[in-house]
Amino acid sequence: MLKNVYFALNGQEGLDYLKANESPDIILLDINMPVMDGWEFIEALNSLYLCSNVPVVITTSSTRPEDKLRGTRFSNIIEYMEKPIDFEVLSTILLKNYKKSLDF
């Protein structure tokens, strides 16, 4: 089971947290956030080489095809989910990636 869940209210808060703490097992990322949006966050994350092996799931209200296409440019984005979130699908993604982190 996943533990130590952290919620950031915006991208900058999330980035600051990741600079000062261990890498998480997975990142759920909204595109539309104040201060620093999701795209700015993922670009900063990658340019700082933070959490390079951590899978990212985009969770967004954006239905814009260009946003989904933009997500394919980042190798660490493993899924793009439009809201409302299907929690069965999200649960499957989380369990699959959590299991990967335990495999030796």
Side-chain angles (χ1 to χ4, degrees):
M1 174 114 345
L2 294 173
K3 49 188 169 177
N4 298 329
V5 176
Y6 177 78
F7 294 93
L9 299 176
N10 61 66
Q12 186 62 57
E13 185 180 308
L15 191 61
D16 292 343
Y17 175 84
L18 293 174
K19 287 178 182 177
N21 293 280
E22 284 187 37
S23 292
D25 293 323
I26 195 162
I27 296 172
L28 302 180
L29 179 63
D30 195 349
I31 294 173
N32 301 313
M33 294 185 291
V35 183
M36 174 188 279
D37 70 24
W39 298 124
E40 293 168 323
F41 172 85
I42 195 83
E43 288 170 4
L45 192 74
N46 289 338
S47 70
L48 295 170
Y49 302 103
L50 286 173
C51 306
S52 57
N53 294 323
V54 175
V56 176
V57 176
I58 298 289
T59 58
T60 185
S61 58
S62 173
T63 58
R64 298 173 31 179
E66 54 268 27
D67 280 337
K68 191 168 189 173
L69 179 62
R70 188 173 181 183
T72 64
R73 296 184 198 149
F74 299 93
S75 61
N76 46 345
I77 295 177
I78 62 163
E79 189 70 42
Y80 185 99
M81 299 181 72
E82 293 177 6
K83 293 176 184 176
I85 295 171
D86 181 331
F87 286 99
E88 279 189 39
V89 172
L90 181 58
S91 178
T92 300
I93 292 166
L94 293 174
L95 289 172
K96 176 181 170 187
N97 283 282
Y98 184 67
K99 182 183 179 312
K100 280 184 187 176
S101 72
L102 294 177
D103 289 341
F104 298 103

Please step through side chain to side chain contact (heavy atoms under 4.5 Å, CB included) for the pair T60 and M81, ending with a clear verdict. CA-CA 6 Å; T60 185; M81 299 181 72; over 6 Å; no
Test side chain to side chain contact (heavy atoms under 4.5 Å, CB included) on Y6 and E13 and set out the steps. CA-CA 11 Å; Y6 177 78; E13 185 180 308; 3.2 Å; yes
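Ionic pairing of E43 and R73 is not present here: no N-O contact between side-chain nitrogen and carboxylate oxygen is shorter than 4.0 angstrom.
Considering all non-hydrogen atoms of both residues, N10 and P34 come closest at CB-O, 3.0 Å. Pairing each heavy atom of P55 with each of D25, the nearest pair is CD-O, 3.3 Å. Listed here is the closest heavy atom pair of T59 and K83: O-CE, 3.7 Å.
A donor-acceptor contact closer than 3.5 angstrom is absent between the side chains of Q12 and Y17. The closest side-chain donor-acceptor pair between N76 and N46 falls under 3.5 angstrom.
Annotation for E88: atom CD does not count as buried by contact number, only 12 or fewer foreign heavy atoms lying within 6.0 Å. Heavy atoms of other residues, nucleotides or ligands lying less than 6.0 angstrom from CG of N21 number more than 12.
Side-chain atoms of T72 come within 3.5 Å of backbone atoms of L69 as a donor-acceptor pair (strictly under, hydrogens ignored). A distance-only check finds no donor-acceptor pair linking the side chain of D30 to the backbone of M33 [under 3.5 Å].
Applying the salt bridge (Lys or Arg N to Asp or Glu O under 4.0 Å) rule to K68 yields no partners; only residues at least two apart in sequence or on another chain are considered.
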